[in-house]
There are 4 protein chains.
Amino acid sequence: MMTLPDQYRAVRAHSEALCAPLEAEDYVVQPVPDVSPPKWHLGHTTWFFETFLLRPHLPGYAVFDPAYDFVFNSYYETVGARVVRTDRGNLSRPTVADVYRYRRHIDAAMAQLLKSPLAADLRAVVELGLNHEQQHQELLLTDIKYILGHNPLLPAYRAGVEALPAAAATGAAVPPVRLAAGLYQIGFTGAGFCFDNELGRHTVYLAEAEVAGALVTNAEYLAFMAAGGYTDFRPWHAEGWEWVKAHGVRAPLYWHFVDGAWCRYDFGAGGLTPVPPHEPVAHVSYYEAAAYAAWRGARLPTEIEWEAAAPHFAWGTRWEWTESAYLPYPGYRKAPGAIGEYNGKFMVSQMVLRGASVATPPGHSRPTYRNFFHPPLRWQFTGIRLARTVGL
Amino acid sequence: MMTLPDQYRAVRAHSEALCAPLEAEDYVVQPVPDVSPPKWHLGHTTWFFETFLLRPHLPGYAVFDPAYDFVFNSYYETVGARVVRTDRGNLSRPTVADVYRYRRHIDAAMAQLLKSPLAADLRAVVELGLNHEQQHQELLLTDIKYILGHNPLLPAYRAGVEALPAAAATGAAVPPVRLAAGLYQIGFTGAGFCFDNELGRHTVYLAEAEVAGALVTNAEYLAFMAAGGYTDFRPWHAEGWEWVKAHGVRAPLYWHFVDGAWCRYDFGAGGLTPVPPHEPVAHVSYYEAAAYAAWRGARLPTEIEWEAAAPHFAWGTRWEWTESAYLPYPGYRKAPGAIGEYNGKFMVSQMVLRGASVATPPGHSRPTYRNFFHPPLRWQFTGIRLARTVGL
Amino acid sequence: MMTLPDQYRAVRAHSEALCAPLEAEDYVVQPVPDVSPPKWHLGHTTWFFETFLLRPHLPGYAVFDPAYDFVFNSYYETVGARVVRTDRGNLSRPTVADVYRYRRHIDAAMAQLLKSPLAADLRAVVELGLNHEQQHQELLLTDIKYILGHNPLLPAYRAGVEALPAAAATGAAVPPVRLAAGLYQIGFTGAGFCFDNELGRHTVYLAEAEVAGALVTNAEYLAFMAAGGYTDFRPWHAEGWEWVKAHGVRAPLYWHFVDGAWCRYDFGAGGLTPVPPHEPVAHVSYYEAAAYAAWRGARLPTEIEWEAAAPHFAWGTRWEWTESAYLPYPGYRKAPGAIGEYNGKFMVSQMVLRGASVATPPGHSRPTYRNFFHPPLRWQFTGIRLARTVGL
Amino acid sequence: MMTLPDQYRAVRAHSEALCAPLEAEDYVVQPVPDVSPPKWHLGHTTWFFETFLLRPHLPGYAVFDPAYDFVFNSYYETVGARVVRTDRGNLSRPTVADVYRYRRHIDAAMAQLLKSPLAADLRAVVELGLNHEQQHQELLLTDIKYILGHNPLLPAYRAGVEALPAAAATGAAVPPVRLAAGLYQIGFTGAGFCFDNELGRHTVYLAEAEVAGALVTNAEYLAFMAAGGYTDFRPWHAEGWEWVKAHGVRAPLYWHFVDGAWCRYDFGAGGLTPVPPHEPVAHVSYYEAAAYAAWRGARLPTEIEWEAAAPHFAWGTRWEWTESAYLPYPGYRKAPGAIGEYNGKFMVSQMVLRGASVATPPGHSRPTYRNFFHPPLRWQFTGIRLARTVGL
């Protein structure tokens, strides 16, 4: 178990290691609203420590630059007058070098704050800040993939970035997990960090169900496409079908039909390579995941079923869409103050994803982790696991 | 218990009675996409009987007008070539008189079909068609209210249209309903009609909770407004707060601040009248309902809690927003064919409302009924009931 | 020469005669923002007389309904508080019958005002009101065509509505008009009514040019289409080419490709009939007119060339796009007050059309008349006449 | 007179000198569609020489990177298959260093091409390429101003960038220029370069008019604002007034009301400084220019009047909006091929600006130069000169 200062250094260093292959220009662009510029991630995660720890709790702390408060604040209410509205993707300044200077400044001050043991509540904020930065590490990777994968030169990021464990890469067949009907305990328990949305461990009754032991592979998904999956409205939600038609969707994100074959942007090597049939499909929206499941005569698992079955299958290469909307657990309570804005205010119109992905920092996820995105989004490493109610 | 032909006549007559106060012009307009022209409702409900009963099952049936198939079809896939795209609110033809002739034609043919007893599956389609028409009766009323209530002349519809039972109108205080922790059976059971989304009665475990005995009143909601409810972002979902800012929302729909007081459009008498303090608030969005509840330190009930508690409180004047997203029950199955498109394809991005409203046709609702709308919508008679998890 | 009261009665009666074939529902809809509901035209032209003549100048005049002021005012600034924003196409009230009652009320009051001779300035306002109503008569026809021609039932309006003089209908060949280089006098002169934008007769120098003696026919336009006119970007303005791609334009408005042949909506008889080859093409945008001309190695005439050449060719069946932007003449002056808003404020971003069309009320146009529309609009009866600078 | 190779080196060096103060990040962003990233300007102007000169005319020329063809082509039709759509502001690659390498490659090849004397037609293309690059030099400056002036840190570009000649900076009063009625010759004549849209020198008749000797100053424009210029609809075009309301416009671009005074972004020194009263107003739209003129009881000059009067007043600090739409001269002809796309296809919906600005490269403009922009645009250094028809 690492000490807190060691944890801090490790997490902070990992963010910068993720950016090591980038050119300065790659840090700046925001091709779509959901994708943030890498330098914004580096600055915003840093601003978190400055705002919630250094400013209120380090005596004599000198603010790096007061203007950064509204450049790197993702929260609603900022203080002070501003004449120009911030728009992340239009910001050439602060430069990348400025942002790294900002990180050095905050890291030095944090080292000082962490020198002596912290009170439990402050320690909790440091842990939240580190987990917050880990969340942004996953976004850093997916946003970098989007930026490079939508550039006409299709440049490479770094070899091995999407590497899968052998079992996942070969699509090895595994039997489904059977869940017996009955009461289950759901939600976080035990020591260690968790987000507020996992708390309030509670009892849930499940009907008998079966959850697939493996994720849907590219080969399986190609069969859906070959069978007219994107041209037959029947397996789709009405809203999903509108999405297909409005955007001319015909394949997962990053797939291109070139010279008669489906290829995909190769994040590790650059350019396009043929879709590997045995890997789990990635970069699908909730609509696509649900339509695929319906076409198979199945459905997606609920997040409860997923959590109950998770000990019995391998997970961690794809964020798995569930059939559960992102809503508070019965015992959910918002923390007071700005920290309370962390999760609760997003609990509407999104779907829960469970698991983790090849882009998730090691040690960041756990079986009770609740990730969430809007149904049409697919720039994360999202995948599909099937489920069925037994007896139907 | 009415015979099926009697039921048919009663339901069909009620739709037309609802339109009796209208001028021909009122039947035609579509001020916003969610509001359909009344004549479209009259035609579409009629088209249902023609398409799913008369065409396939009445020997020798002569189609009224083949062009009506794509004028009145709300479903995705239509057959045949068409040179002009249908857009409900732009259709001056068929005229109102044409639509009534269409109704006469279908009613006569249905009378013939209903003369001899039907097989169970056909009888089920007739019942579905009648319940479908009842759903459109509620929409007819809310759409007419929108059409007249957004006309600068603020014309009257019909006296008493929003009349409430005495208890609801006076905001009588009632104690909350306490739900013990434990297993509950949820979903439709017994004889009689229900929609497919209510089926699959199943066991659910509930934590101990309290559900309010009465709906939130206008007076209570005015207190929220007076306390800055629409100007403080804290009780709102992020998405709800964006909605407030984007549309400049400062009160429920149909409310206007005139000469220092909040008034509302008076559907029964026309014009504006002061907001009656003791009536349950109406025409609020999910965002507003949830923000109000958060401001009160409470939450909305889940649809499960609502169904479990419903036998113990009065309901039926407002559709009550719940904290549940509209998702399939564990045992949900789509019916095959076009009828299967009825509910399942809408099970994403919407919230469940329970109960009924002053606009619901008598006998149409029941405690297991699952209504659903998108979070920002508020032209239905929507209201707020509070809940709390006990022990928090 | 008719007396002013006779003129008044004739013009007012003509508006109502144009609406005689309509059903009440046809008066209400507004399928696109540029197309107004017929009842709005009937009310707005009436409001003009009430606002600029009866209210200020008829002693004891009783306003019909004060609310009509913002229902039928197309001008920017209205007085008084209003709680509901007016949106023409959503207004089911006032009803058609109300609007006709309004017309009766104003006509009676106008008859009284016109009983005794008017001062010159008042007489000018009456004449402006009548010409204003004639402009709306043309819009009434084109708007009715749009409403019926975009209805999937493609109903008929009235036989002969688009009838052409024999010469125009047969596309008889006529030699071009040669304009010698030199000075020309342009703008209205003489007695009788004209709009302020025609005034300020002034000298213009023209280079030698040739203006076609006849309009481009459907057959000629079909040749452009057959030669790939809508798929080759070269003859188009950049903005026109964007318009073609954004809207998938492949033919003039009201044309449909059915069973291998180009047909058009038949306003007189309803339904679709084959495009008559010898008639002048109608319902083209400025972009299409300019692209056609460029494809022919020609251009459109300027409005000055048109006015100089007009005495030497037949005109009046199509509004003819010119290569002139709608801008003030050197001597243009706005009238003071609301009347001054009539023309000047529209003098930007529009192109001038000259001539008249089969939809123009008899006697309403003249060679100095300056009509104007935005480049993409084509629901008017617009056509194409070619020109060339001599010596190029 | 410089030799062509010297001209080439001078122009190319000037583009890079303009970018010298930039950070790499500043080269990348595109805050609004009209503003291009500086590296795109550097690449696109280079692509022009590669495409129209080196590829077709330098034997043995090796293309730098075939992918650059669609990265830097601003024209419609590109060849070859592409899987990813180019969007200028999202392109982190090619990097700034890549673009400079591209410039070195092309400059070396151009040096070789220019070593021996060129045929007249090739020489014309080189001159067009240099003038094209000069146009982009002005855009480089105005786009850099937009990028930095819309950054919340309001960084400085370079001291003196907006420096004005003494007379312009002090708003010295000068008498108007009187134009006698009569014939004038308009359009380019003589030796030297001009664009195709200036050609076809032709005769024009002008009425007697007066053109102001000086531009409208900030102090004069502040008087318009103080008199309610942005809140009274009367001097505005209808379309201009909609623009004011839709965007909440209350001052020229880059102006901010801070602590009770109007300041503007200081491009040279960074931050905000008080608006200098005697300088000519800059960064106004055509709508604002025309409304200001109308408020003064005047109008803008036509481009013809401007060209006739230009020898008699000082110009060159602001592009001056005229009352002329951008249309072809009577003798205008498009050049064949891609070069012909240069000007003609933009001749609709734009207004002509005459003169030059502080951002125009030295020697690039002349009295016959026709600049053009859409009416709402104001990120160029646009200004206002008044005119009046005499005798009105």
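Quick caveat, the model's predicted, so the values are computed rather than measured. Naming convention: chains lettered A, B, ... in sequence-line order (proteins, then strands); numbering from 1 in each chain.
Contacts between residues 26-35 of chain B and chain C, defined by a heavy-atom separation under 4.5 Å, are made by D26(B), V28(B), V29(B), Q30(B), P31(B).
Crowding of R250(C) atom CZ: a count of heavy atoms from other residues, nucleotides or ligands under 6.0 Å not exceeding 12.
No cation-pi contact links R264(C) to W255(C), judged by a cut-off of 6.0 Å to the six-membered ring centre and 45° from its axis. Geometrically, K145(C) does not engage Y157(C) in a cation-pi contact, judged by NZ or CZ lying under 6.0 Å from the ring centre and within 45° of the ring axis.
Listed options V96(B), L22(B), D65(B) were ranked by heavy-atom pairs under 4.5 angstrom with chain C; first place goes to V96(B).
For a residue to count as touching a neighbouring chain, one of its non-hydrogen atoms must lie under 4.5 Å from one of that chain's; by this rule P37(B) does not touch chain C.
Aromatic ring pairs are classed by plane angle as parallel below 30°, tilted from 30° to 60° and perpendicular above 60°; the pair H44(B) and W47(B) is parallel. The aromatic rings of Y221(B) and Y230(B) lie perpendicular to each other, with more than 60° between the two planes, well past the 30° mark.
Aromatic ring centroids of F257(B) and W262(B) lie under 6.0 Å apart.
R55(C) meets the salt bridge (charged side-chain N to carboxylate O under 4.0 Å, His left out) test with no other residue; sequence neighbours excluded.
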